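Quick notes on the structure that follows.
FYI, the numbering just counts along the sequence from 1. This is a predicted model, so every value here is computed, not measured.
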Amino acid sequence: MILISFGTRPEYIKIKPLIEAFDGNIPYRLLFTGQHVDLLSEVNNDVLRLEIEEGENRLDSIVSSVMNNESIFDNIDSVLVQGDTTSVFAVALAAFHRKIKIIHLEAGLRTWDKNHPYPEEFNRSAVSRMADIHLCPTEKSAENLKGEKVNGTIHVVGNTVLDNLVHITPERTNTIVLTMHRRENHDLIPKWFAIFDKLAKENPEFNFVIPLHPNPNVQKHKDILKHVNVTDPIEYEQFINILSQSYMIITDSGGLQEESSFFRKKCIVCRTTTERPEGIGTFSFMTGIDELESLFYEVKKNPIPVGKCPYGDGKSADRIVNILKQELQL
Ligand code: UDP
């Protein structure tokens with residue numbers, strides 16, 4: 001039995017296609033680690049649930065709440081974790097302590113800067129040291145792991161997030177989608193938001209939309225956005241439809257770079273480091289605060305990317321089922 005663990009909405013979005021492909025094929029149990037509590041309403045399946053006991057340091061609390069939960073591993077031969085959150089690290093560590101096989105989905109992404117993104121770069125690197133089966137989205141991520149001489153097998157499977165998008169036909173409307181939430185950007189949000197607002201004011205022919213992340217460090221700057229359409233976070237199915245109809249995207253998100261590339265939209269990335277170099281210069285464009293305005297006008301003039309989506313073809317889940325059946329002799 002495989003224990004599939006998730007703790008946040010982006011993790012759930014990326015394991016959802018796998019859960020569907022596992023159904024009737026590979027026995028699994030779901031574990032929700034409780035990192036993003038608002039997520040549970042979206043999850044219908046039978047799920048084991050942990051709760052994060054709050055302490056002084058949130059990251060410590062996540063790790064300590066996951067450890068010492070013997071019963072979650074009852075009858076479990078392998079654990080599947082996705083990505084790089086602190087609960088991914090904690091579940092992998094707990095599995096490692098019990099010599100349970102670890103399958104890492106979206107393995108091999110790297111910035112090689114432990115502070116960007118923080119704490120995710122550490123989490124994913126640490127999981128790579130413990131994992132037995134590394135499911136990499138791209139050749140580049142697989143090369144990273146080979147370079148690190150990790151143990152276990154390495155497979156290039158594409159990014160499962162794209163499996164969610166294959167049924168949608170993209171269009172191009174006047175909507176510009178904005179998102180911002182990364183911890184490294186929290187102190188800079190007033191500056192980013194001021195430019196977002198200026199661009200929205202100067203370009204009234206576009207509908208600038210920002211689903212505002214629930215984090216209070218983001219919410220407290222909401223009033224800066226006078227010319228932007230500020231909404232609550234949008235339910236995933238609706239959000240990907242909006243994305244598929246957008247003109248361009250401005251974000252500090254990781255997953256959005258993959259989704260926007262699949263829909264053939266250009267994406268301005270409000271970050272100075274990236275673990276997704278594959279699309280840089282064609283689909284994604286990194287920016288500091290000072291360059292955002294000029295980059296916006298360049299992308300506005302020329303919004304259609306050239307080339308193939310570098311993050312996969314939307315058929316990852318079936319590939320993974322075949323790999324796991326072989327590797328785990330199921
Ligand atoms: N997303 C969503 N609703 C929103 C904003 C984002 O469903 O209002 C989805 C988006 O499509 C993507 C994921 O959430 O799949 C990205 O999450 P986030 O930017 O928080 O995390 P990251 O990808 O940086 O880990």
Test item: Y311 side-chain N/O and V161 main-chain N/O as donor-acceptor pair under 3.5 Å: no
Main-chain N/O of N322 paired with Q326 side-chain donor or acceptor, under 3.5 Å: no
Residues clustering with I280 (ILVMFWY side chains joined when closer than 4.5 Å, directly or via others): M286
Linked hydrophobic residues, V88 as query - side chain contacts closer than 4.5 Å: M1, L3, L31, L48, L50, V63, V66, M67, I72, F73, I76, V79, V81, F89, V91, L93, F96, I100, I102, F122, V127, M130
Partner set under ring pair (Phe, Tyr, Trp, His ring centres under 6.0 Å) for F262, not counting sequence neighbours: none
Minimal non-hydrogen separation, S65 against N69, with atom names: O-ND2, 2.8 Å
Main-chain N/O of S244 paired to K265 side chain as donor or acceptor, under 3.5 Å: yes
Pair E278 + K308: basic N to acidic O under 4.0 Å: no
K266: partners by side-chain hydrogen bond (donor to acceptor under 3.5 Å, both in side chains), with sequence neighbours left out: none
Distance-only donor-acceptor check, side chains T86 and N123, under 3.5 Å: yes
E184 vs N115 side-chain heavy atoms within contact, under 4.5 Å: no
Salt-bridge present (E106, R276; N to O < 4.0 Å): yes
Residue pair P303 / M248, side-chain heavy-atom distance below 4.5 Å: no
Side-chain donor/acceptor of S261 to backbone N/O of C309, under 3.5 Å: no
Salt bridge (charged side-chain N to carboxylate O under 4.0 Å, His left out) partners of residues 120-133, not counting sequence neighbours, each pair once: D84-R124, E120-R182, E121-R124, R124-E275
Within 6.0 Å of CG in D74, more than 12 heavy atoms from elsewhere: yes
Any R183 side-chain heavy atom under 4.5 Å of N215 side chain: no
N241 side chain to E237 backbone, donor-acceptor under 3.5 Å: yes
Min side-chain heavy-atom separation L178-V209 under 4.5 Å: no
Set of side-chain contact (heavy atoms from CB on, under 4.5 Å) partners for E205, sequence neighbours left out: N203, K300
Other cluster members, V269 - Ile/Leu/Val/Met/Phe/Trp/Tyr, side-chain contacts below 4.5 Å: none
Any P211 side-chain heavy atom under 4.5 Å of F239 side chain: yes
Q35/S87 under side chain to side chain donor-acceptor pair (under 3.5 Å): CA gap, chis, key distance, verdict: CA-CA 7 Å; Q35 190 164 340; S87 58; 2.9 Å; yes
Residue pair I52 / T33: nearest heavy atoms and the distance that separates them: CD1-O, 3.2 Å
More than 12 heavy atoms of other groups within 6.0 Å of N302 CG: yes
Pairs flagged by ring pair (Phe, Tyr, Trp, His ring centres under 6.0 Å) wherever residues 195-227 is involved - sequence neighbours left out: H181-H213, F193-F196, F206-Y247, F208-F296
Short side-chain to backbone donor-acceptor contact, N164 and I13, under 3.5 Å: yes
Heavy-atom closest pair, residues P17 and D163: CB-CB, 3.6 Å
R271 versus P117, closest heavy-atom pair with distance: NH2-CD, 3.6 Å
Contact summary for S141 and C136, nearest pair of heavy atoms: OG-CB, 3.5 Å
R319 vs V156 side-chain heavy atoms within contact, under 4.5 Å: no
Results of side-chain contact (heavy atoms from CB on, under 4.5 Å) for L188 - residues two or more places apart only: N185, W192, I289
Distance-only donor-acceptor check, side chains T251 and T179, under 3.5 Å: yes
Residue Y297 excluded, over 12 heavy atoms near OH under 6.0 Å: yes
Set of side-chain hydrogen bond (donor to acceptor under 3.5 Å, both in side chains) partners for R58, sequence neighbours left out: E54
Heavy-atom check, side chain of T231 versus side chain of I210, under 4.5 Å: no
T8 vs E11, side chain to side chain donor-acceptor pair (under 3.5 Å): CA-CA, chis, key distance, verdict: CA-CA 5 Å; T8 64; E11 279 167 72; 2.9 Å; yes
Partners passing side-chain hydrogen bond (donor to acceptor under 3.5 Å, both in side chains) against S128 (at least two apart in sequence or in another chain): R110
Other ILVMFWY residues reachable from V150 by side-chain steps of under 4.5 Å: L145, I154
E139, CD atom: more than 12 neighbouring heavy atoms under 6.0 Å: no
